[in-house]
Number of protein chains: 2
Amino acid sequence: MIKVLVVDDEPQIARALRINLSAHGYEVTTAADGAQALRAAAAVVPDLVVLDLGLPDMDGAEVIEGLRGWSKAPILVLSGRAASAEKIAALDAGADDYVTKPFDIGELLARVRAATRRSGPGAESPVTAIGPVTVDLAAREVRKDGDEVRLTPTEWQLLEVLLRNPGKLVSQRELLHRVWGPNYDRETNYLRQYMAQLRRKLEADPARPVHLLTEPGMGYRFRP
Amino acid sequence: MIKVLVVDDEPQIARALRINLSAHGYEVTTAADGAQALRAAAAVVPDLVVLDLGLPDMDGAEVIEGLRGWSKAPILVLSGRAASAEKIAALDAGADDYVTKPFDIGELLARVRAATRRSGPGAESPVTAIGPVTVDLAAREVRKDGDEVRLTPTEWQLLEVLLRNPGKLVSQRELLHRVWGPNYDRETNYLRQYMAQLRRKLEADPARPVHLLTEPGMGYRFRP
DNA sequence: GACACCTTTGACGCGTTCTTGACGGCCGCT
DNA sequence: AGCGGCCGTCAAGAACGCGTCAAAGGTGTC
């Protein structure tokens, strides 16, 4: 989750930003003045800072420079002042963007997206561990004792459904529907076939599976 | 020297921007419409693009997307329209900043500095090594055993998508969408054709690729 | 207008994957 | 004990996808 630090001394604006950003999937922290902002930045290490100028305790450029010493996270400045000199000062101090109030919330969100897009895609993908095997669903990569294991498309789909419901029982019908389509209900032999292949490739002892379990008469279950 | 491409159909504005940017030490190229812009971008490989919307021949978003396929250079959009919807569309298409006319030239220069500051230090050497081959995505240059290798535009786009997701599997659908457009879903023969060409040019043994791998039925993967 | 280059399109052989059927073992039920 | 249901395993042919070659269509250059 992308972490955003909102710095604003006006509670209404801070609240509005928190609500909107949270609604779009960001993790929001707020600070009401410069000192709080620098402390909060050190604590949460945000991926982006939305900074209102005109804070009660510090000058805007000071806050920007204080942040720039720590972090390379984009800084998006809000301000009531439209004067060019202020914008230039803020941008040259290290801000990445400057928006004057009153601002359109949609536009602000678009600018937030533009700013995070640049620095964003350096993230690692989540990896699921199955005993000696690691599965990276995003990269579509399986490793067993370090070397890679190749799965066929059908094997991937089946494994993905199970892994996305860790610990839960997935019925045969649901597995068939998700992998082969809604017209498949009773082809349980497909499941037997491919579960066996998955176990051969992923389980330490395919005859005695520990993670890819059969629930007789019901379905299959992935145990982490 | 930092190279800036200025795209504007109004000669006075283009001239004013050229003079001001040149005076501040930038190397300026100008283009008067979208087609020229894309051609010029391919030729000079700019470090930043200043793009006026409302070009005579193409929609603004088209130009942005055309540029984004090639390059990660920041795009600073100029526009006479202050409507939020347009700003949002441009930013989400891949623009980095949006300035409404009339604009203060000092502020514009500050935004140019802010944009180049970000990509400047990090974009020093984005060179990817593929065995005996080195690929410089920013400079758009490939060398194999020291000699230059020529890639066609389509080959570049395909290679770029793969290189920007190192280790990750990229589905054939995504590759088709990113290189040929959202209307292409099943033309996997294009992928076969161009992957073969890339392998001929980049792999030591094109018949046994080590870095540009096929995942049958799913997609392709670049392994560093 | 001829030429070169790139893109698009079609066809074929081959290896892999999917589908399908059959068999035997384990378990619970009668 | 006998039986039927369910699962794991094995072994086939069919179908699919990939790499490759070849050639036509399109565009800009000389």
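Naming convention: chains lettered A, B, ... in sequence-line order (proteins, then strands); numbering from 1 in each chain.
Checked against side-chain hydrogen bond (donor to acceptor under 3.5 Å, both in side chains), B/Gln193 has no partners two or more places apart in sequence or in another chain. For B/Lys201, the salt bridge (Lys or Arg N to Asp or Glu O under 4.0 Å) test picks out B/Glu155, with sequence neighbours left out. A/Arg113 is linked by a side-chain hydrogen bond (donor to acceptor under 3.5 Å, both in side chains) to B/Asp92, counting only residues two or more places apart in sequence or in another chain. Every residue two or more places apart in sequence or in another chain was checked for a salt bridge (Lys or Arg N to Asp or Glu O under 4.0 Å) with B/Arg192, and none qualifies. Residues that satisfy the side-chain hydrogen bond (donor to acceptor under 3.5 Å, both in side chains) test with B/Arg15, not counting sequence neighbours, are absent from this structure. Taking B/Glu203 as the reference, nothing meets the salt bridge (Lys or Arg N to Asp or Glu O under 4.0 Å) condition, with sequence neighbours excluded. Qualifying salt bridge (Lys or Arg N to Asp or Glu O under 4.0 Å) partners for A/Arg199, counting only residues two or more places apart in sequence or in other chains: none.
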Quiz item: Taking protein heavy atoms under 4.0 Å as touching, what does nucleotides 25-30 of chain C look like 5' to 3' if B marks base contact, S marks sugar-phosphate-only contact and - marks none?
Solution: ------
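Contact annotation: A/Thr152 reaches the phosphate of C/dC18 (side-chain N/O to OP1 or OP2, under 4.0 Å). Dashed line: the shortest gap from a side-chain N or O of A/Trp180 to OP1 or OP2 of C/dC18 is not under 4.0 Å. For A/Tyr194 and C/dT17, the shortest distance from a side-chain N or O to OP1 or OP2 is not below 4.0 Å.
Rounded to an integer number of Å, the gap from B/Leu212 CG to D/dC18 P is 15 Å. Here the C1' atom of nucleotide D/dT27 and the CG atom of B/Leu38 are 16 Å apart, to the nearest Å. Put simply, CD on A/Gln197 is 7 Å from P on C/dC18, counting in whole angstrom units. The nearest whole Å value for the distance from the CZ atom in A/Arg150 to the P atom in C/dG15 is 15 Å. Atom CG in A/Leu151 sits roughly 14 Å away from atom C1' in C/dT16 (whole-Å rounding). Here D/dC6 presents its C1' atom at 15 Å from CZ of A/Arg186, a figure rounded to the nearest Å. The distance between atom CG of B/Leu198 and atom P of C/dT7, rounded to the nearest whole Å, is 11 Å. C/dC18 atom C1' lies 14 Å from atom CG of A/Leu158, rounded to whole Å.
One P atom belongs to D/dC18, the other to C/dT19, and the distance between them is 16 Å to the nearest Å.
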Practice problem: Taking Watson-Crick and G-U wobble pairs with both distances under 3.5 Å, convert DNA chain D into its dot-bracket string, 5' to 3', dots for unpaired and | for cross-strand pairs. | Solution: |||||||||||.||||||||||||||||||
Practice problem: Verify salt bridge (charged side-chain N to carboxylate O under 4.0 Å, His left out) between B/Glu10 and B/Lys101, making sure each step is shown before the conclusion. | Solution: CA-CA 13 Å; B/Glu10 298 169 68; B/Lys101 292 191 275 191; 3.1 Å; yes
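In this structure, A/Leu5 and A/Leu51 have side chains that are not in contact, with every pair of non-hydrogen atoms separated by 4.5 Å or more.
Ionic pairing of A/Glu174 and A/Lys168 is not present here: no N-O contact between side-chain nitrogen and carboxylate oxygen is shorter than 4.0 angstrom.
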Using a cutoff of under 3.5 Å, can you pull out all pairs of nitrogen or oxygen atoms linking the protein to nucleotides 7-9 of chain D, with atom names and distances?
residue : atom : partner  : partner atom : Å
D/dC7   : OP1  : A/Gln172 : NE2          : 3.0
D/dC7   : OP1  : A/Gly217 : N            : 2.9
D/dG8   : OP1  : A/Arg199 : NH2          : 2.4
D/dG8   : OP1  : A/Thr214 : OG1          : 2.6
D/dG8   : OP2  : A/Tyr220 : OH           : 3.0
D/dG8   : N7   : A/Arg192 : NH1          : 3.2
D/dG8   : O6   : A/Arg192 : NH1          : 2.7

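If you check every strand for non-hydrogen atoms under 4.0 Å, B/Arg208 touches nothing.
The ring pair (Phe, Tyr, Trp, His ring centres under 6.0 Å) contacts involving residues 203-224 of chain A comprise nothing, where partners must be two or more places apart or lie in separate chains.
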Side chains of residues 20-29 of chain B: which donor-acceptor partners sit under 3.5 Å, not counting sequence neighbours?
residue : atom : partner : partner atom : Å
B/Asn20 : ND2  : B/Ala16 : O            : 3.0
B/Ser22 : OG   : B/Arg18 : O            : 2.6
B/His24 : ND1  : B/Asn20 : O            : 2.9

